[in-house]
Amino acid sequence: MEKLLEFRHITKVFPGVTALDDINIDLYPGEVHIIVGENGAGKSTLMKILSGAYEATSGELYMEGKLIAKNSPQVSASLGISMIYQELNLVPELSIASNIFLGHELRRGGFVNKAAQEKRANELLKEIGVYVNAGTLVKQLGVGTQQMVEIAKALSRQAKVIVFDEPTSSLTDSEITELFHIIRLLKERNVGMFYISHRLEELFQIGDRVSVLRDGKHILTDTIDHMTMDDVIEGIAGRKIENLFPHVRKPAGDPMLEIRHLTGSKFSDVSMTVRAGEIVGVSGLVGAGRTETARAAFGIDKYESGEVVVCGRKLPKRSPSRANRLGMCLLPEDRKTEGLALELSIRENIVVSSLKALNPRGIVRAKNEATEVGKSINSLEIATSSMEKLVRFLSGGTQQKVVIAKWLLSNSRVFIFDEPTRGIDVGAKSSIYQLMDELVAGGAAILMISSDMTEILGMSDRIYVMSGGKLVGELDSEGATQNEILKLAFSNV
Amino acid sequence: MSKEKRFPAALARIPEATWIFLIVFIIASVLVPNFFSIGNLSTMLLQACTLTLLSVAMALTLMMGSIDLSMGGVVSMSGVIMAYMMNAGLSAWIALPAGLLLGLVFGLFNGVLVTKLKIPPFIATFGSMGIAQSIANTISEERTVTWVASEKTSLISFLGSKALVVEAGEGASNTLTISNLLIITVIAVAIVWFLFSRTTLGSNIYALGANQETARLSGINVTRWRIIVFMISGLLAALGGIVVMVRSNSVQPTIGANMEFQACVAAVLGGNIMTGGRGSVPGAVLGALTLYTIRSAMSLLGIDTSWVQVAIGVVLVIGMIINNYVTQRESQRAAVISRSAGKGGAEA
């Protein structure tokens, strides 16, 4: 079969860094070619060269055997190359149809022919099995449906190559199933697809071939049947990760966090206990009320009845600062907007919850701060050249460590992690897991909300499953299976 | 099922300002004697013309994620220059188009500052507001500019004249008066609304306001469209200058001062947000009418004009509360829609 697309000897040098070093990757029609690698491995740089956002320093890009001499977003679009980014690029106030035809509107006598646009958009949506009226405003759609609109938009431009950049990171399980269904439809239509993901289990569900990038180098490309999960992990990390989940079960101590009959608008009668030295996983579908329960327990949101006890003391409602003084902390799923101040330095982020203790009587003791932050950076192995580096420039894994350091410094003993490794590559994941294990080994208690099944099964001592706002089960992780958890997760939808 | 789906879509398209306008209007009609009379309403509409034009312009720039603070300055400047030209004996047929052209050029200037020189719109147009206002002050020597009515200025008298007078009863309060100025305003707003909804102008403005990168990747010429919107804004401001000039038959150099802030209030009441990407043209019109309902009601009650600002402030806050409520309801409905969408063919 003729190659649809080919990167030949692509090198991209930024001042001081070689982001891509002699990459040779190709794509056949009807193929899903998965590209994996750690953050900074060069995946997005490669895709930006494809989209025309970047120009390669050397090397060539061929589309259907023809050299693309000078690429640009316009050129790549006209050749039928479409990008579907993680942050969806739709205009919320416009209808689905207007979004699909944005920039290449169907016209009649100089005016936009809205009726024709809606008709064609409805056809496109139907082709991929989405049954929403194309006149609906995009702001009224959920993330999953918006992504399907993006796909319809790509189809409207006769896309031959579609690049998916972490498409499943914000989708629910059923939305992911729908997406995979559509991807299979696209395969039948001979669309070639590059698919970037951190979720390694997806490789085997949807991929035909896999390419691994590491530090800008092309490590390997092979068909999926010739690979195992371990091969992929080893390729990504550059070393064998013997044991991704280091957690060893130890006898649990006294209860550190007790949530009793907590009831709020999105959850009802939820009771959970976490003991010292325990990691307790909370599984469930997106929307099962897990995050909402955690936020209410920590005091961010209100709840109607029930109580939360931390280390034997009852928490007042709606007071995160009081919860924190009693040693509880919450590490939100969205680190960038809720857990960190991206424009501040590592030091400033770490000390922000301990300002009072470090700076008695409100006078800044810069030395105190520097010593303590230096200690955290060493003990958590935060990879940085300086504690004054802005958090914005750190990778996802390092950012997560900064959040942990912040709470450790303020003497937290009860940790609620909400999706602790979302968007974090596998190498950094293992060090986060290690850190979590060290925390509980030191007597802390962890409640871990996660949608990553392997993480739940690999890290937890016990597993709570929520469904439709209710706690529907508690499992011992020893012997628990994915099927068992899923059955519970769907039991009250 | 399909009924349930369409209802929120229709609801989402009613400008948020509808509710606050209705509330204010009904309260004024019930509580203020003589407010709900065709005579008073005619006067109110005529008074609201300039602000309506500016609010629409402001809405366009806000929706695009920019702001145009220079419009009050442009009203003063174009007004003064047009009056000065007629004062110097030029025909209104030359002065008025020159004033409009000046508005366009000033919009172009703003657009170039923002797009080519990459100055944030707030700063750029704040600066050009100062420039425009200073030009108005300098040319007029800070005095009111008048002209001698003659054959050459007959266009002014025509614009100021009444297109339609219907006497429904005794006295001024029962007389419906439609001025040519009102007709011109309605036509101008209608043209903008038509361009907005029937050409790519609207989609492009929303796209620019939501995310410029999205717009660029969709093949929209971001620079050109931003300049175009600033030019439309300048043009509407100059038209506002003409309305003011015709109504008062003279131009005070400070006539436009602070109008940009009132326009901002009206546009925000109309559902536009400062960060762009949402809002509407009819919303801005309703916002402007809300402000003039308050003014008219309070002046009929004989309340000191300094209290008008207080009332407008209160209404702005209440309006925002209502807008937030409406938006929240919308997003709750959105969740329902996307859930039913995922389930596929059954209800399609």
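Just so we're on the same page: letters track the sequence lines, and every chain starts at 1.
- Between S218(B) and the options H104(A), K153(A), R157(A), a side-chain hydrogen bond (donor to acceptor under 3.5 Å, both in side chains) holds for only K153(A).
- The CG atom of L137(A) lies 10.0 Å from the CZ atom of R278(B); values are rounded to the nearest 0.5 Å.
- Other residues, nucleotides and ligands place no more than 12 heavy atoms under 6.0 Å from the NZ atom of K266(A).
- Residue F180(A) qualifies as enclosed at atom CZ: its count of foreign heavy atoms under 6.0 Å is above 12.
- Within a 6.0 Å radius of CD in E338(A), other residues, nucleotides and ligands contribute more than 12 heavy atoms.
- In plain terms, the two heavy atoms of I220(B) and G103(A) that are nearest each other are CG1-CA, 4.2 Å.
- Proximity to chain B (any heavy atom under 4.5 Å) is shown, for F101(A), by neither the backbone nor the side chain.
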Show, in sequence, the C-alpha distance, side-chain angles and deciding distance for T200(B) and R107(A), and conclude whether the side chain to side chain contact (heavy atoms under 4.5 Å, CB included) test is met. CA-CA 9 Å; T200(B) 56; R107(A) 288 159 198 267; 3.6 Å; yes
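- Comparing G202(B), S203(B), A210(B) by heavy-atom pairs within less than 4.5 Å of chain A, the highest count is held by S203(B).
- Between G277(B) and E93(A) the shortest heavy-atom distance is O-CG, 2.7 Å.
- Side-chain contact check for N89(A) versus N211(B): some heavy-atom pair is nearer than 4.5 Å.
- Contact record, L102(A) with N204(B): CD1-OD1, 4.3 Å, taken as the closest heavy-atom pair.
- A donor-acceptor pair shorter than 3.5 Å cannot be found between the side chains of K114(A) and S197(B).
- A207(B) and V91(A) get closest at one heavy-atom pair: CA-CG2, 3.4 Å.
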